[in-house]
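The model shown is predicted, which means the values in this text are computed figures rather than measured ones.
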Amino acid sequence: MRSQVTVKAGLKPRGAAFAMVLALGLLAATPAWAQETRFPEGVFVGEFSLGGMTQDQAQDTVSAYMKEMESRGVRLVVDGNPVNATAGQLGYVWENPDAVKEAAGHVKGGNLVQRYMEQKDLEKSPVHIDLKASVGEAQVTSFIEEHCAGMMQEPQNAAITRVDGAFQITPGVTGKTVDMAATKKALDQALAEPGKEDVEAQAVITLKEPDVKEEDLASIQDVLGTFSTDFSSSGASRSANLSNGASKINGHVLMPGETLSGYECMHPFTIANGYRTAAAYENGQVVDSIGGGVCQIATTLYNAALRAELEITQRQNHSMIVGYVRPSMDAAIAGTYKDIKITNNYGTPIYVEGGTSGRTLTFTIYGKETRPGNRKVEYVSETLRVVDPGAPTERVDLSMAPGARRQVQSAHRGLKSRLWKVVTVDGNETERTLLNEDTYNASKAIVLVGPPAPVVPADPSLIPGQPVDPAQAGEAGQPGEAGQPGESPGPAGPGQGQSGAAGTDSGSQGQTGPSGGSGDAQGGQASSQGGDSSSGNPGASAPAPSTADPSQSTPAPSAPSPAPADPAPASSAADSAPAAPAPPAADPAPAAPADPAPAPADPGAAA
């Protein structure tokens with residue numbers, strides 16, 4: 001028994017020694033990375049082997065490499081022209097800086113046995129983590145635009161103009177552009193090559209055809225619709241606005257589905273843009289506005305588009321009637337809320353021609369005619385109701401002479417109307433469509449009037465019962481005094497009557513001579529008192545017998561009566577004390593017709 005126990009006891013030290021030897025063997029077989037937390041062999045980031053490195057060492061090594069790659073030379077060939085740059089100039093950036101951390105995630109670690117077994121697996125199946133880097137598309141675009149501007153060309157549309165009644169077409173030009181996305185991809189592929197040597201990449205060139213080609217414009221040959229309006233009553237400023245505005249629309253080409261805006265073509269309505277100040281409608285009144293008259297352009301274009309049967313995308317009528325078209329056939333321009341917009345609903349391009357000739361404004365739409373020849377279109381204006389504007393509005397203007405009148409705005413009738421489109425085929429009506437139903441406001445005429453005539457005190461020399469200086473009376477009868485300004489020398493009676501009349505007219509017209517208004521008033525007085533003289537010599541003229549009762553020459557104390565005509569010669573009364581000037585007569589300004597033509601436009605621009 002003792003011997004058995006000894007054996008067992010002896011076995012215990014030998015088993016412990018064996019385990020110790022086994023552990024030391026395994027420890028010897030365990031690589032150094034397991035003891036110092038290093039990557040095992042067989043782990044790669046890009047072309048870098050991380051075996052034996054700590055994670056921090058691996059991160060520093062890869063980061064330094066990627067930094068060096070920013071200075072790597074790049075030769076970019078654009079349409080056969082080489083341009084040199086660096087990767088950094090093209091926005092080169094490391095996209096997965098966590099690659100080392102990702103590689104560490106593939107290492108499980110564990111006890112000595114597990115680590116040993118993992119090492120064996122990595123020898124058979126290494127771990128490879130790709131380095132991801134790329135250039136920036138924005139930086140590539142900026143670089144190419146800066147260094148290759150002359151190498152590229154934007155496409156140019158074919159153009160068409162009308163010269164001396166014939167169309168001339170300029171062919172389009174095919175454009176060359178760089179496909180930035182495809183060029184960026186080519187640069188990324190070149191820079192992904194290992195090493196630090198310079199790389200080369202080809203820019204991807206794209207040919208871009210113009211939107212409008214010569215063969216498209218060649219179809220523009222036929223007149224689809226035309227319309228003219230007259231502006232012979234317009235002044236120089238409004239006429240200039242019509243010519244200027246029409247020129248800004250002239251020559252526009254609309255491809256199928258495209259829309260033209262009259263406002264967008266013609267604005268801004270400024271002096272710098274070639275417009276002048278002319279009459280316009282604003283809040284029911286006629287005012288001066290820069291660009292006054294452009295509504296007539298909108299109206300003329302609208303009617304040409306109707307006859308071409310284009311799509312009318314936007315149209316509004318004026319606030320008051322205009323004189324250059326019938327009701328409901330007008331179109332207004334006012335700021336951005338009233339506009340004329342036409343859309344090409346044909347399958348081929350159309351050309352818009354507009355301009356003035358003499359005192360006529362014309363728009364013509366050209367294109368390819370596809371409508372049958374036996375089909376006709378007519379537009380019929382129908383007036384439903386007329387509203388009278390009423391009596392003129394009078395406004396006192398203190399700067400005017402008393403009693404004077406001046407009309408500053410004509411009256412406009414109010415209307416309710418509508419417009420019909422009537423289609424006939426071989427003379428038979430096949431279609432009648434209501435297009436517009438409009439209301440036009442009535443507007444009173446506006447007349448400026450002067451203030452009331454002031455009350456003039458009576459001449460004391462003409463008051464009955466007042467004594468007359470005999471010296472003045474004697475002087476007044478001297479020969480030749482009847483020829484004062486305001487009178488016409490000539491035979492007595494008729495001659496003096498004409499002189500008096502002339503004096504009255506002269507005063508009403510505001511003319512002044514050496515004796516001013518008083519001379520005119522004297523002329524009138526001489527006419528009234530000396531018109532019965534029969535002698536041609538004013539100094540020798542005898543006064544006409546008085547038919548008045550001499551007893552009434554002195555007024556009664558209670559109620560004085562007007563004195564009869566003075567029996568003294570006319571020159572006595574006229575020269576003894578000058579008579580007060582007579583108030584001017586009212587200016588007989590003719591009333592304007594109720595519907596003037598042409599009228600101006602709505603607010604913002606004029607009709």
Check whether [X] reaches the backbone of [Y] with its side chain - one donor and one acceptor, N or O, closer than 3.5 Å.
{"X": "D179", "Y": "I205", "answer": "no"}
{"X": "N241", "Y": "G292", "answer": "yes"}
{"X": "R307", "Y": "N303", "answer": "yes"}
{"X": "D339", "Y": "T336", "answer": "no"}
{"X": "N157", "Y": "V173", "answer": "no"}
{"X": "N344", "Y": "L254", "answer": "yes"}
{"X": "D388", "Y": "G390", "answer": "yes"}
{"X": "D230", "Y": "S232", "answer": "yes"}
{"X": "E258", "Y": "M255", "answer": "yes"}
{"X": "N273", "Y": "P268", "answer": "yes"}

How long is the gap from [atom1] on [X] to [atom2] on [Y], to the nearest 0.5 Å?
{"X": "T348", "Y": "E369", "atom1": "OG1", "atom2": "CD", "answer": "9.5 Å"}
{"X": "N244", "Y": "S239", "atom1": "CG", "atom2": "OG", "answer": "12.5 Å"}
{"X": "Q314", "Y": "I340", "atom1": "CD", "atom2": "CD1", "answer": "8.0 Å"}
{"X": "I169", "Y": "L217", "atom1": "CD1", "atom2": "CG", "answer": "5.5 Å"}
{"X": "S289", "Y": "F269", "atom1": "OG", "atom2": "CZ", "answer": "9.0 Å"}
{"X": "F363", "Y": "E353", "atom1": "CZ", "atom2": "CD", "answer": "9.5 Å"}

* Got more than 12 heavy atoms from elsewhere within 6.0 Å of NZ, K185? -> no
If you take all heavy atoms of [X] and [Y], which pair is closest and at what distance?
{"X": "P327", "Y": "T383", "result": "CG-OG1, 4.2 Å"}
{"X": "I297", "Y": "A246", "result": "CD1-N, 3.5 Å"}
{"X": "R238", "Y": "G293", "result": "NE-CA, 3.8 Å"}
{"X": "I365", "Y": "L301", "result": "CD1-CD1, 4.4 Å"}
{"X": "V135", "Y": "K184", "result": "O-CE, 3.0 Å"}
{"X": "L306", "Y": "L435", "result": "CD2-CD1, 4.1 Å"}

Between [Y] and [X], do the side chains contain a donor N or O and an acceptor N or O under 3.5 Å apart?
{"X": "S228", "Y": "T360", "answer": "no"}
{"X": "Y366", "Y": "R162", "answer": "yes"}
{"X": "E378", "Y": "T424", "answer": "no"}
{"X": "D438", "Y": "S328", "answer": "yes"}
{"X": "T313", "Y": "T343", "answer": "yes"}
{"X": "K338", "Y": "N317", "answer": "no"}
{"X": "T141", "Y": "Q139", "answer": "no"}

Minimum side-chain heavy-atom gap [X]-[Y] below 4.5 Å:
{"X": "I342", "Y": "E311", "answer": "no"}
{"X": "H252", "Y": "C265", "answer": "yes"}
{"X": "L90", "Y": "L191", "answer": "no"}
{"X": "N436", "Y": "R315", "answer": "yes"}
{"X": "I160", "Y": "I220", "answer": "yes"}
{"X": "K416", "Y": "V387", "answer": "no"}
{"X": "V422", "Y": "V377", "answer": "no"}
{"X": "F167", "Y": "T161", "answer": "no"}

* Asked: Given the rule in the side-chain contact (heavy atoms from CB on, under 4.5 Å) test, do V140 and L187 qualify, once you have shown the distances and angles that lead to the verdict?
  -> CA-CA 9 Å; V140 171; L187 287 167; 3.9 Å; yes
* To do: Quick one: do V322 and T299 satisfy side-chain contact (heavy atoms from CB on, under 4.5 Å)? Show the steps, please.
  => CA-CA 10 Å; V322 297; T299 296; 5.5 Å; no
* R359 to F231 six-membered ring, cation-pi geometry met (6.0 Å, 45°) ->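 Because its charged atom misses either the 6.0 Å distance or the 45° angle limit, R359 does not stack over F231.
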* Show your reasoning for whether side chain to side chain donor-acceptor pair (under 3.5 Å) applies to T206 and T177. => CA-CA 5 Å; T206 300; T177 59; 4.8 Å; no
Ion pair check, [X] and [Y], cut-off under 4.0 Å:
{"X": "E264", "Y": "K341", "value": "no"}
{"X": "E309", "Y": "K421", "value": "yes"}
{"X": "D79", "Y": "K176", "value": "yes"}
{"X": "E200", "Y": "R75", "value": "yes"}

* Asked: Yes or no on side chain to side chain donor-acceptor pair (under 3.5 Å) for Q409 and S443, after CA distance, side-chain angles and deciding distance?
  -> CA-CA 9 Å; Q409 177 175 309; S443 177; 2.9 Å; yes
* Please step through side chain to side chain donor-acceptor pair (under 3.5 Å) for the pair D330 and Y440, ending with a clear verdict. => CA-CA 11 Å; D330 61 312; Y440 300 88; 2.5 Å; yes
* To do: Compute the centroid of each ring, for F227 and then for Y302, and state whether the two points are separated by less than 6.0 Å.
  =>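 Ring centres of Y302 and F227 not closer than 6.0 Å.
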* To do: Dump the intermediate steps for side chain to side chain donor-acceptor pair (under 3.5 Å) on S134 and E95, then the final yes or no.
  => CA-CA 7 Å; S134 66; E95 292 183 336; 2.4 Å; yes
* Mind running side-chain contact (heavy atoms from CB on, under 4.5 Å) on E394 and I446 for me, showing each step along the way? => CA-CA 6 Å; E394 294 187 352; I446 297 177; over 6 Å; no
* Residue pair V83, M151: steps toward the side-chain contact (heavy atoms from CB on, under 4.5 Å) verdict -> CA-CA 11 Å; V83 183; M151 306 175 193; 4.1 Å; yes
